[in-house]
Amino acid sequence: NLLAYAVDTPDSAAADRGARRLARIARAGGGRRVSTAIAIGMRHAPFQPIHPLMVGPRDDSTVPSNALFPLSRAAEALRVLRGFWAENADVIAAHDLRVAHNFLVMRHVFGVEPLIYWPDRPSPYRLANTRAADRDRLAASDPHPDARDAALDLRARMVERLRGTGSAHIQIGKFYPYREALAGTPTWDLLGQLKDVVDPDGVLNPGALGLRG
């Protein structure tokens, strides 16, 4: 596992103190220092090309997800996630799926980005976003619709499980539930009333977020 961190403070002395404290914590956990090139590179260019998020290192297809929690619930969220993978170990093995994780801690927020990989011929959309040098090889690979269905079902059930743990998500309203997470609450009622006021004819992005079209 690789941990990259950045310490943002009003002055260099405070940043140095924070960095030294994090280094002590990492060493106490058995960590060792590596080059700072990755952290510097991420700060220089935080938005990377999209194709590594669509096709994995074994030419398998991949799909990321994300879930955000209060930092105080990080340990609970990880227990739930690990338990979910353990419950589905047979599905993962049967379809040659792989799972990886990226983690993020920022102020009071803990984030986890599970990535599910499965063997498959990339879809036309994925092929269009891969490197030109790889496109012909990937287009000739074998399709595995059963593995694809298993991976996407696993992703949907994982997000549902994490939602039960209190997760929030980036990119809400498409794959990630919005109405289901808020329905029956005062917040949802207020959103419906606001929609009625600003869009009484239901012509603005009808159906988005589960609001009335």
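Basis for what follows: all heavy atoms, side chains included, without hydrogens, waters or symmetry-related copies.
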D196 side-chain N/O to P200 backbone N/O, donor-acceptor pair under 3.5 Å: no

Any heavy-atom pair between the side chains of L138 and V55 that's under 4.5 Å? yes

List the steps, then state whether side-chain contact (heavy atoms from CB on, under 4.5 Å) holds for L22 with R20. CA-CA 5 Å; L22 288 170; R20 287 194 295 269; over 6 Å; no

Given side-chain contact (heavy atoms from CB on, under 4.5 Å), test N66 with V112 step by step and report yes or no. CA-CA 6 Å; N66 61 75; V112 57; over 6 Å; no

With side chains defined as the heavy atoms from C-beta onward, is the minimum distance between M158 and P114 less than 4.5 Å? yes

Just wondering, more than 12 heavy atoms not from R157 lying within 6.0 Å of its CZ? yes

Salt bridge or not for R121 and D142, using N-O below 4.0 Å? no

Do L152 and L81 sit in the same hydrophobic cluster, where Ile, Leu, Val, Met, Phe, Trp and Tyr count as joined when their side-chain heavy atoms come under 4.5 Å apart? yes

Whether the side chain of N88 engages the backbone of V91 through a donor-acceptor N/O pair (distance < 3.5 Å, no angle test) should be reported. no

When you compare the side chain of M54 with that of V63, does any pair of heavy atoms fall below 4.5 Å? no

Under 4.0 Å between a Lys/Arg side-chain N and an Asp/Glu carboxylate O for R79 and E76? no

Would you say the side chain of L154 lies within less than 4.5 Å of the side chain of I116, judging by non-hydrogen atoms? yes

Could you tell me whether R161 sits above the aromatic face of F84, with NZ or CZ closer than 6.0 angstrom to the six-membered ring centre and within 45 degrees of the axis? no

Would you say D146 and H95 make side-chain contact, with heavy atoms under 4.5 Å? yes

Can you name the closest pair of heavy atoms from A77 and T165 and give their distance? CA-CG2, 4.4 Å

Heavy-atom count check: over 12 atoms from other residues, nucleotides or ligands less than 6.0 Å from R131 CZ? no

May I ask whether F103 and V80 are part of the same hydrophobic cluster, defined by side-chain heavy atoms of I, L, V, M, F, W, Y residues being less than 4.5 angstrom apart, directly or through others? yes

Mind checking whether Y125 and L127 have side chains closer than 4.5 Å, heavy atoms only? no

Closest heavy-atom pair and its distance - P119, D96: CD-O, 3.4 Å

Heavy-atom pair with the smallest gap, counting every atom of R126 and W118: NH2-CH2, 3.5 Å

I'd like to know whether CZ of R137 has more than 12 heavy-atom contacts from other residues, nucleotides or ligands below 6.0 angstrom. yes

Within-4.5 Å side-chain heavy-atom neighbours: R98 and R58: yes

Note: V7 and A19 closest approach over all heavy atoms is CG2-N, 3.9 Å

Decide yes or no on side-chain contact (heavy atoms from CB on, under 4.5 Å) for Y117 and V99, but give the supporting numbers first. CA-CA 6 Å; Y117 297 83; V99 177; over 6 Å; no

Looking at every heavy atom in both P143 and R148, which two are closest together, and how far apart are they? CB-NH2, 4.4 Å

Would L204 and K195 count as a side-chain contact (heavy atoms from CB on, under 4.5 Å) if you check the C-alpha gap in whole Å, the side-chain angles of each, and the deciding distance to 0.1 Å? CA-CA 9 Å; L204 180 63; K195 172 77 167 174; 4.3 Å; yes

S141 and P122: which non-hydrogen atoms are nearest, and at how many Å? OG-CD, 3.7 Å

So do the side chains of D120 and D60 get within less than 4.5 Å of each other, counting heavy atoms only? no

Parallel, tilted or perpendicular, as decided by the 30° and 60° cut-offs, for the rings of Y178 and W188: perpendicular

